[in-house]
A.B. asks: 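Take a look at the following structure, please.
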Amino acid sequence: MVLPTTLQGNLMPAEINFLAENETVTILPRYSMKKIELIGTPIPPLRAMRREKVPLWVALILKSQDKCNIVPPKWLNLAYLKEKHEEELRKPNQFSDLPWHWQEIAKILLARAQDDLSDPSHQLRSVIQDLREIRLVKSRKGLKELNESNISLNGLSLLEINELRPFVLGVMNKLRSLHETTTTSKEVDEDMAEVSDDDY
Amino acid sequence: MNIDDILQEFEESETPVTSNIHNNLITAMINERMSPELLPFAQTTMTTALTAISNQQQYLIDSHEYGDSVGSTSEFKLNTMIIETEIERLCYLVRMYLRTRLSKLDKFTIYYINEEQEDSKLLSAEEKEYIHKYAHLLTQLYNNCFLKKVPPSLTLLDDTSGGQSMITTPDTNQHVFVKSVTSKPITLFIDNDDIELKRDGIYVVKYGLVKQYIELGDVILI
């Protein structure tokens, strides 16, 4: 009741977006601004055309007021993402290494700071879509490997994990309870066998 | 490439180890959301966060009252907006954290009443009060609705006889997604097998196995 069931055990995409907004980005201020004492990371005094690192949500506020340009992260360009896409194709059993919040940050920047990106946004969108799809296919293939004890999922980002989570946990918990019943019934069988041995 | 770019790259090469209120709150919130059982109340994190929030709110009130008329109004407004946004963001995290805890307390009321000891760090003082009041109300409701009409031997809410416990307990064998955040590898033993958790690796394991590492902060739930 305090927490709707949709929020239990999984995160909402909006929440992951919220978490992604805490990542820092580099901005290029257009105006100078005094230092702001924030609870988390204080914002240093901004000077025009001098790069500073601020949390993404601050950058977005400044951007919406036309006070800064956002320097796109070094992975958000066509060349880099294309290369990653090829890497994904080359290594069918492994995820390439992308930032923890790549989809969310890419989406936010494509929506809110399109003019700051170095490549045309439609091309970026399409390569991101390709990348997302190939990773999705891979993770779906990987579902075959699910077992009752443990798996490792290196290289996945939070949003992708969140997509898989309900299914993976459901299956693993079911497998676990099946596994538990088989082991306990085996033990019972052994006990029975011992008893019958003693009898004779 | 000018000097700024070079400095930039230099800054990027070193990984900043910022352990601030924000990150602590996020970790506390996510851990709580993803773990099947209640984690010890993050007293220090919560106290510092709440103090910081109220200080910041006081600062806002003060600056509205004695606002420096010297600075340009638009900049002042922007400043205020950023500060207000941050307060809202932190409040959201705090709210989410507390709500998640309350939902678990509601679910496992009797179990946590039994678990709770005077000096335990599991519940905060407010939560202790809440859980007792909640249990009281719930028992009263059940009694009035139907329990008074059933035979007295069947009315116990915390009945454990008969091979079936009436107390709902959290399932610590549930699987969880974890991420290792410490530089030294952690080895977990599962039956006859062992797995090693490497830094930044993502694993799905049973909650019971990583519980101690979560409390140490070496592993976070995701």
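Atom set for the values below is all heavy atoms of this structure, side chains included, hydrogens, waters and symmetry mates excluded.
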A.B. asks: Charged N to carboxylate O below 4.0 Å: is that the case for A:Glu86 and A:Lys82?
C.D. replies: no
A.B. asks: A:Pro55 pairs by side-chain contact (heavy atoms from CB on, under 4.5 Å) with which of A:Thr41, A:Asn22, A:Leu60?
C.D. replies: A:Thr41
A.B. asks: Assess whether a salt bridge exists between A:Arg135 and A:Glu163, defined as any Lys/Arg side-chain N lying under 4.0 Å from an Asp/Glu carboxylate O.
C.D. replies: no
A.B. asks: So how far is it from A:Leu117 CG to A:Leu110 CG, rounded to the nearest 0.5 Å?
C.D. replies: 5.5 Å
A.B. asks: Go through the atoms of B:Val176 and report whether side chain, backbone, both or neither lie under 4.5 Å from a heavy atom of chain A.
C.D. replies: backbone
A.B. asks: Non-hydrogen atoms of chain A under 4.5 Å away: do they reach the side chain of B:Asn55, the backbone, both or neither?
C.D. replies: neither
A.B. asks: Could you tell me whether the side chain of A:Arg112 reaches within less than 4.5 Å of the side chain of A:Lys63, counting heavy atoms only?
C.D. replies: no
A.B. asks: Please check if the number of heavy atoms outside B:Asp171 that lie under 6.0 Å from its CG is greater than 12.
C.D. replies: yes
A.B. asks: Give, as side chain, backbone, both or neither, the part of B:Leu78 having an atom under 4.5 angstrom from any heavy atom of chain A.
C.D. replies: side chain
A.B. asks: Given heavy-atom pairs under 4.5 angstrom as the criterion, report whether the side chain, backbone, both or neither of A:Leu7 touches chain B.
C.D. replies: both
A.B. asks: Is it the case that more than 12 heavy atoms not belonging to A:Lys138 sit under 6.0 Å from its NZ atom?
C.D. replies: yes
A.B. asks: So what's closer than 4.5 Å to chain B heavy atoms on A:Tyr31: side chain, backbone, both or neither?
C.D. replies: neither
A.B. asks: In terms of heavy-atom pairs under 4.5 Å with chain A, which of B:Ile30, B:Leu98, B:Asn173 leads?
C.D. replies: B:Asn173
A.B. asks: Pick whichever of A:Leu62, A:Ile39, A:Ile43, A:Asn154 has the most heavy-atom pairs under 4.5 Å with chain B.
C.D. replies: A:Ile39
A.B. asks: Heavy-atom pairs under 4.5 Å with chain A: which of B:Tyr203, B:Tyr92, B:Phe177 has the most?
C.D. replies: B:Phe177
A.B. asks: So for A:Ile36, is it side chain, backbone, both, or neither that comes closer than 4.5 Å to the heavy atoms of chain B?
C.D. replies: side chain
A.B. asks: Tell me whether B:Glu129 at atom CD has more than 12 heavy atoms from other residues, nucleotides or ligands lying less than 6.0 Å away.
C.D. replies: no
A.B. asks: Answer with side chain, backbone, both or neither: which region of B:Tyr59 has an atom nearer than 4.5 Å to a non-hydrogen atom of chain A?
C.D. replies: neither
A.B. asks: With B:Val219 as reference, evaluate B:Val178, B:Asn31, B:Val205 under the side-chain contact (heavy atoms from CB on, under 4.5 Å) test and give the passing residue.
C.D. replies: B:Val178
A.B. asks: So which part of B:Lys107 gets closer than 4.5 Å to some heavy atom of chain A, the side chain, the backbone, both or neither?
C.D. replies: side chain
A.B. asks: I'd like to know whether OH of B:Tyr142 has more than 12 heavy-atom contacts from other residues, nucleotides or ligands below 6.0 angstrom.
C.D. replies: no
A.B. asks: Is B:Ile195 in contact with chain A via its backbone, its side chain, both, or neither, using a 4.5 Å heavy-atom distance?
C.D. replies: side chain
A.B. asks: Using heavy-atom distances under 4.5 Å, tell me whether A:Glu37 contacts chain B through its side chain, its backbone, both, or neither.
C.D. replies: backbone
A.B. asks: At a 4.5 Å cut-off on heavy atoms, which part of B:Leu25 comes close to chain A: side chain, backbone, both, or neither?
C.D. replies: neither
A.B. asks: Determine the option with the most heavy-atom pairs under 4.5 angstrom with chain B, choosing from A:Val168, A:Asn10, A:Leu156.
C.D. replies: A:Asn10
A.B. asks: Could you tell me which portion of B:Leu90 (side chain, backbone, both or neither) has an atom closer than 4.5 angstrom to a non-hydrogen atom of chain A?
C.D. replies: side chain
A.B. asks: Checking heavy atoms, do the side chain of B:Lys179, its backbone, both or neither come under 4.5 Å from chain A?
C.D. replies: side chain
A.B. asks: With a 4.5 angstrom heavy-atom cut-off, could you sort out which part of B:Ile26 is near chain A: side chain, backbone, both or neither?
C.D. replies: side chain
A.B. asks: Between A:Lys84 and A:Glu87, is there a side-chain N and carboxylate O pair less than 4.0 Å apart?
C.D. replies: yes
A.B. asks: In terms of heavy-atom contacts, does CZ of B:Arg199 have more than 12 from other residues, nucleotides or ligands at under 6.0 Å?
C.D. replies: yes
A.B. asks: Considering only heavy atoms, which portion of B:Gln174 lies under 4.5 Å from any heavy atom of chain A: side chain, backbone, both, or neither?
C.D. replies: both
A.B. asks: Determine the option with the most heavy-atom pairs under 4.5 angstrom with chain A, choosing from B:Lys198, B:Lys206, B:Met81, B:Arg89.
C.D. replies: B:Arg89
A.B. asks: Nearest 0.5 angstrom please: A:Glu104 CD to A:Glu15 CD, how far?
C.D. replies: 12.5 Å
A.B. asks: Side chain, backbone, both or neither: which part of A:Leu11 has a heavy atom under 4.5 Å from chain B?
C.D. replies: both
A.B. asks: At a 4.5 Å cut-off on heavy atoms, which part of B:Leu93 comes close to chain A: side chain, backbone, both, or neither?
C.D. replies: side chain
